[in-house]
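These notes concern the structure reproduced below.
Remember, it's a predicted structure, so these values are computed and weren't measured experimentally.
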Amino acid sequence: MTKTSDNFFERVYAVARQIPYGKVTSYGAIARALGTARSARMVGWAMNAAHNLEDVPAHRVVNRKGLLTGKHHFDGTNLMQQLLESEGIVIEDNQIIDLEKHFWEPEIRIYFCE
DNA sequence: AAGGTGACCGGCC
DNA sequence: TGGCCGGCCACCT
């Protein structure tokens with residue numbers, strides 16, 4: 001909280017929490033929203049801790065190609081896919097079909113207002 | 001304190 | 001998007 005690092009995680013969580021139902025976004029998009037476009041990897045790392053929090057729908061976050069890269073980190077191997085399919089998202093071979101159709105980009109303006 | 005790591009991205013072949 | 005390489009930034013041991 002007092003540490004800046006926690007602030008960074010908080011921002012990642014804040015973005016993920018705002019992902020609408022039935023929509024998905026990419027790590028890079030979140031990183032861009034935070035102003036740290038080059039630390040997309042860090043976003044994934046934050047997600048690692050975020051998936052522990054039920055407030056953060058980490059299953060709605062995929063990589064740029066729409067690949068469910070993080071599904072391996074969930075409880076089940078296909079739990080992430082099941083969740084996304086439950087939201088109306090079509091997934092084939094761990095990959096989201098019509099990614100742009102379900103893609104949602106976070107609003108940057110919110111996170112610059114500190 | 002330093003090194004290794006990672007749920008990535010973009011560029012190039 | 002098929003595959004490989006480099007960069008990048010914060011976290012962990």
DNA chain B contacts made by residues 89-99 of chain A, counting heavy atoms under 4.0 Å:
none
Give every pair of a protein N or O atom and an N or O atom of nucleotides 3-7 of chain C that lie under 3.5 Å apart, one pair per line with the distance.
residue	atom	partner	partner atom	Å
C:dG7	O6	A:R41	NH1	3.4

Taking Watson-Crick and G-U wobble contacts under 3.5 angstrom, with | marking pairs to another strand and [ ] crossing pairs, the secondary structure of DNA chain C is written .||||||.|||||
Give me each pair satisfying side chain to side chain donor-acceptor pair (under 3.5 Å) with a member in residues 60-69 of chain A, each pair once, sequence neighbours excluded.
A:R60-A:E87
Taken in chain and number order and not counting sequence neighbours, the residues that satisfy side-chain contact (heavy atoms from CB on, under 4.5 Å) with A:Q95 are A:L67
Between CD1 on residue A:I91 and CE on residue A:M80, distance to nearest 0.5 Å
7.5 Å
For residues 36-58 of chain A, which residue pairs qualify under salt bridge (charged side-chain N to carboxylate O under 4.0 Å, His left out), counting only residues two or more places apart or in two chains?
none
Looking at residues at least two apart in the chain, or sitting in another chain, which of them share a salt bridge (Lys or Arg N to Asp or Glu O under 4.0 Å) with A:E105?
none
Does A:T36 have any side chain to side chain donor-acceptor pair (under 3.5 Å) partners at least two apart in sequence or in another chain, and if so, which?
A:S39
Using heavy atoms and a sub-4.0 Å distance, could you list which residues of residues 57-68 of chain A are near DNA chain B? By number, please.
A:A58, A:N63, A:R64
Between NE2 of A:H73 and P of C:dC11 the distance, given in whole Å, is 18 Å
Show me the pairs that pass salt bridge (charged side-chain N to carboxylate O under 4.0 Å, His left out) and involve residues 88-102 of chain A, at least two apart or across chains.
none
Could you list all the salt bridge (charged side-chain N to carboxylate O under 4.0 Å, His left out) pairs where at least one residue sits in residues 67-84 of chain A, not counting sequence neighbours?
none
Contact boundaries of DNA chain B with chain A (under 4.0 Å, heavy atoms), 5' to 3'?
B:dG6 to B:dG10
